[in-house]
Number of protein chains: 2
Amino acid sequence: MDTIGFEQHDHKSCVQGALSAVEAQCAAHKLQFTPVRRRVLEILLSEHRAMGAYEILDVLRDEGLGSQPPVAYRALDFLVSHRFAHKVERLNAFIACTHPGQTHTPAFLICRNCDAVAEAHAEPTRGILGKAADEAGFAIEQAVVEAVGLCPNCREGHPACA
Amino acid sequence: MDTIGFEQHDHKSCVQGALSAVEAQCAAHKLQFTPVRRRVLEILLSEHRAMGAYEILDVLRDEGLGSQPPVAYRALDFLVSHRFAHKVERLNAFIACTHPGQTHTPAFLICRNCDAVAEAHAEPTRGILGKAADEAGFAIEQAVVEAVGLCPNCREGHPACA
DNA sequence: TGCTGATGCGTTATGATATTACATACAATG
DNA sequence: CATTGTATGTAATATCATAACGCATCAGCA
Ligand SMILES: [Zn+2]
Ligand SMILES: [Zn+2]
Ligand SMILES: [Zn+2]
Ligand SMILES: [Zn+2]
């Protein structure tokens with residue numbers, strides 16, 4: 001099941017599966033999956049939405065795991081740089097990756113009504129953007145693809161908005 | 001000539017052309033192209049790069065056109081909402097549109113070495129992202145497409161980076 | 001003319017996001 | 001057991017953005 005995010009699902013196993021995958025990745029690549037890093041990923045996974053760094057920090061602080069911004073940002077940097085989480089630029093927020101370990105270019109569908117975020121996939125080097133980059137002689141290394149709109153639930157709920 | 005941005009060009013006429021186009025648009029749509037708004041666009045056009053709001057504000061302040069952040073942000077909101085400028089989310093910065101008036105979905109090629117930004121075009125509702133959105137029942141209204149990499153000049157200058 | 005609403009601007013204050021810099025802890029290496 | 005590299009703790013600061021209020025201007029209208 002390769003859900004892209006707005007459907008109902010077995011959240012508990014979704015969290016467990018992602019955690020296990022990340023653990024395996026860290027073990028395989030000798031990455032230190034420290035308590036803070038692990039906890040931040042757990043928070044992101046369990047909330048299943050994009051969260052600001054300070055929002056995460058609030059949780060860490062309550063749990064005695066850290067109280068200053070760098071604690072949260074460092075953990076997030078680790079997760080993002082290893083693709084266990086992604087930054088949603090449009091929201092200045094972070095979200096757990098829905099398929100850690102697989103190399104991929106995330107693309108996000110962001111609901112402007114309920115703030116739900118789903119992770120899809122982009123292939124930046126293909127399509128019209130890749131063509132433009134080729135013509136310009138630009139070497140794409142990384143891409144941010146984020147669509148803002150209405151998620152299926154909100155289209156139903158507020159048909160006027162659709 | 002539909003340049004997408006890294007080449008040398010006749011910058012003076014590039015600025016003039018864009019300004020004229022925006023003036024015409026404003027006249028046609030009864031938009032108030034006030035001195036502050038005009039000056040902010042001129043600054044963005046003449047610098048021909050992505051600039052932070054405070055950087056723009058510094059210029060305005062020197063010229064006696066405004067000294068507090070809301071002055072810059074309000075002018076930028078106007079320019080962005082009418083598509084005379086765009087926000088580059090990845091840089092938290094703003095850049096003049098290279099073809100104001102035409103309805104379009106901008107996509108940016110951002111050089112990580114020299115910070116040059118070129119505007120290309122995306123068609124978010126097509127391609128793999130549009131397909132994913134359709135399948136998910138998500139209605140795309142707007143898209144952020146930003147590629148980070150090396151521009152042609154920097155690829156030459158630092159071949160090791162390429 | 002005088003009222004009224006809409007829009008833009010001036011200013012203060014504050015909020016939200018992110019980083020620098022330096023000190024400390026600790027495990028792995030030799 | 002000294003050295004080194006990596007992670008964490010903490011204070012301070014930098015950067016990006018908005019809320020809220022009041023005033024000025026101008027168009028539409030009684
Ligand atoms: Zn992902
Ligand atoms: Zn929604
Ligand atoms: Zn444009
Ligand atoms: Zn460059």
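Letters go in sequence order (proteins before strands), and every chain restarts at 1.
- For the pair B:D77 CG and C:dC9 C1', the computed distance is 14 Å after rounding to whole Å.
- Atom CE of B:M51 and atom C1' of D:dA17 are 17 Å apart (whole Å).
- B:R61 and B:D58 are joined by a salt bridge, as a carboxylate oxygen and a charged side-chain nitrogen come within less than 4.0 angstrom of each other.
- Rounded to whole Å, the distance from CZ on B:F94 to C1' on D:dA17 is 9 Å.
- Phosphate proximity of C:dT17 to B:N92: absent, as no side-chain N or O sits under 4.0 Å from OP1 or OP2.
- Considering every non-hydrogen atom in both B:L44 and B:A85, the closest pair reads CD1-CB, 4.1 Å.
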- Query: For B:E119 and B:H86, what are the C-alpha separation, side-chain angles and deciding distance, and is it a side chain to side chain donor-acceptor pair (under 3.5 Å)?
  - Reply: CA-CA 10 Å; B:E119 182 177 343; B:H86 304 293; 3.2 Å; yes
- Could you run through nucleotides 6-14 of chain D and give me one letter per nucleotide, 5' to 3': B if any protein heavy atom sits under 4.0 Å from the base, S if only the sugar-phosphate is that close, - if neither? SSBBBB---
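- Put simply, CG on B:L60 is 12 Å from C1' on C:dC9, counting in whole angstrom units.
- Remark: A:I110 CD1 to A:E89 CD distance equals 10.0 Å, nearest 0.5 Å.
- If you take NZ of A:K30 and P of C:dA27, they are 18 Å apart, rounded to a whole angstrom.
- Here the C1' atom of nucleotide C:dC9 and the CZ atom of B:R61 are 16 Å apart, to the nearest Å.
- Following rounding to the nearest Å, B:R38 (CZ) and C:dG8 (P) show an atom-to-atom distance of 17 Å.
- The pair B:E146-B:K87 fails the salt-bridge criterion, with no side-chain N (NZ, NE, NH1 or NH2) lying under 4.0 Å from an Asp/Glu carboxylate O.
- Between B:R37 and B:E42 there is no salt bridge, since no side-chain nitrogen of the basic residue lies less than 4.0 Å from a carboxylate oxygen of the acidic one.
- As judged by a 4.0 angstrom heavy-atom cut-off over every strand, A:K87 is placed among residues touching the sugar-phosphate backbone only.
- Rounded to an integer number of Å, the gap from B:I56 CD1 to D:dT15 C1' is 14 Å.
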